[in-house]
Amino acid sequence: MGEALDYLRESPVALMLVTVVGYRLGRELQRRSGGHPVAQPVLVAIVVVGLSLWALGADYATYATGSQFISFWLGPATVALAVPLHRQVHRLPAVLGSMLVAIPAGAAVSLASAYGLVRLLGGEPGLAMTMAPRTVTTPVALQLSEAAGGNPSLTAVFVIISGVLGAIAGPAVLTLARVHDRRARGLAMGASAHAIGTSRALLEDETEGAFAGLAMGLTALAASILMPVLVLVVT
Amino acid sequence: MITGLAWLLGFQLVGEVLVRVTGLPLPGPVVGMLLLFVALQLRQPVSHAPVLRAANALLRHMQLFFVPAGVGVIAYLAVLRAQAAPILVAMTASWAVGLLTVAWVTVLLRRGGADGRGADG
């Protein structure tokens with residue numbers, strides 16, 4: 001029995017199964033709740049996997065190694081965002097100019113406000129730098145955090161929490177703010193909640209998803225240029 | 001499906017190599033996305049082309065691929081609890097400010113200022 005349990009704690013098969021089943025439960029909950037915004041499959045799966053690891057007594061490092069086969073597909077899925085963009089490109093010219101102002105403005109406001117608020121509320125400069133790049137897609141956010149003296153693995157956690165927050169609350173906040181243009185909604189979702197926000201946007205509407213994917217890429221570029229400026233200003 | 005996956009992986013690989021050769025501050029997959037977009041515009045494949053089907057399949061389940069990274073949150077619960085106030089307030093407020101900045105600037109600067117809900121949106 002003890003041996004079997006040891007196997008389960010470290011087996012990639014068990015870890016993959018828990019992840020896929022957790023995600024499947026999340027999809028089911030999303031469907032049964034009629035697409036309730038809090039029923040994001042990623043959130044349900046994180047809770048299910050977290051509880052399973054705790055019950056099995058497995059640690060996160062083992063899980064991270066065993067679940068690489070799943071995270072791997074984030075890369076090809078990001079490439080795949082070219083497809084909705086391709087189908088929606090005829091809607092791009094009318095917002096191209098405003099988009100090229102809106103994305104850098106959003107990235108600047110987002111970096112500066114995250115840094116400023118953490119400092120204002122008594123957080124260390126290191127925590128503020130760890131927080132600042134959290135709306136950027138993970139690989140770039142990690143590089144930016146590290147270069148600015150932050151903690152990259154904690155940044156990865158903030159990136160995920162921001163994404164889940166955006167997926168849950170983004171569409172409702174945009175509707176409250178009377179933003180009805182599908183393109184503007186999509187750009188805002190992708191700029192503030194990267195690929196997790198994009199996946200919610202895709203579910204809402206293909207135009208929103210296409211512009212969210214585009215905004216995610218442009219935000220990564222804008223933040224890479226603006227983050228060193230923030231570091232210069234505060235030091 | 002397999003042909004489509006091969007195309008997606010191929011574009012990602014070209015993106016990864018380009019990023020390393022040029023030192024662009026972008027992830028390889030994002031460059032791969034832009035290259036695939038250009039290729040689709042040039043080739044205009046039919047709607048059931050393998051690359052389009054593989055892309056749709058991956059996009060439908062994109063949230064699954066974030067689960068492993070998301071589980072990392074549990075490894076940092078102690079840190080999150082210790083600094084809960086600055087983390088929660090800064091994260092939520094600056095997220096909302098960023099979201100609304102992008103949305104409002106896009107809407108305000110739009111050519112003609114027409115609402116995009118109609119035939120155009």
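Since the structure is predicted, the reported quantities are computational estimates derived from the model, not experimental observations.
Side-chain contact between I87(B) and L127(A): present, with at least one pair of heavy atoms (C-beta onward) separated by less than 4.5 Å. Side-chain atoms of W95(B) and V173(A), non-hydrogen and from C-beta on, do get closer than 4.5 Å to each other. Using a 4.5 Å heavy-atom cutoff, the side chains of S192(A) and V102(B) are not in contact. Residues P84(A) and L59(B) have side chains in contact (heavy-atom distance under 4.5 Å, counting atoms from C-beta outward). Counting heavy atoms from C-beta outward, L5(B) and W73(A) have side chains that approach closer than 4.5 Å.
Relative ring orientation between Y23(A) and H61(B) is described as perpendicular, the plane-to-plane angle rising above 60° on a 0-90° scale split at 30° and 60°.
With a 4.5 angstrom heavy-atom cutoff, Q40(A) touches chain B via backbone and side-chain atoms both. Both the backbone and the side chain of S162(A) come within less than 4.5 Å of a heavy atom of chain B. For Y63(A), the part lying near chain B is the side chain, with the backbone staying farther off; criterion is any non-hydrogen pair under 4.5 Å. A191(A) touches chain B through its side chain: at least one heavy atom from C-beta onward sits under 4.5 Å away, while N, CA, C and O do not. Heavy-atom distances place both the backbone and the side chain of P76(A) under 4.5 Å from chain B. Proximity to chain A is limited to the side chain of Q83(B), based on heavy atoms less than 4.5 angstrom apart. Looking at V79(B), the atoms closer than 4.5 Å to chain A (heavy atoms on both sides) all sit in the side chain, from C-beta outward. For chain A, the nearby parts of L36(B) are the backbone and the side chain; heavy atoms of each come within less than 4.5 Å. In this structure, chain B has a heavy atom under 4.5 Å from the side chain of L202(A), while its backbone stays farther away. Proximity to chain A is absent for every atom of L35(B), based on heavy atoms less than 4.5 angstrom apart. Contacts between Y76(B) and chain A at a heavy-atom distance below 4.5 Å involve the side chain alone, from C-beta outward. Both the backbone and the side chain of A69(B) have a heavy atom closer than 4.5 Å to some heavy atom of chain A. Using a 4.5 Å cut-off between heavy atoms, R185(A) makes no contact with chain B at all.
When the candidates T198(A), T130(A), L165(A), V159(A) are compared by the number of heavy-atom contacts under 4.5 Å with chain B, L165(A) comes out ahead.
Evaluated for a side-chain contact (heavy atoms from CB on, under 4.5 Å) with V109(A), the options L100(B), L99(B), T101(B) yield exactly one hit, T101(B).
Minimum heavy-atom separation, A114(A) to A90(B): O-CB, 4.1 Å. Taking each heavy atom of H86(A) and P45(B) in turn, the nearest pair found is NE2-CD, 4.3 Å. A85(B) and L121(A) get closest at one heavy-atom pair: O-CD1, 4.1 Å. The two atoms that bring L109(B) and S98(A) nearest to each other are CB-CB, 3.4 Å, heavy atoms only. When all heavy atoms are compared, the tightest approach of M62(B) to A77(A) is SD-CB, 4.1 Å. The two atoms that bring A45(A) and V67(B) nearest to each other are CB-CG2, 3.6 Å, heavy atoms only.
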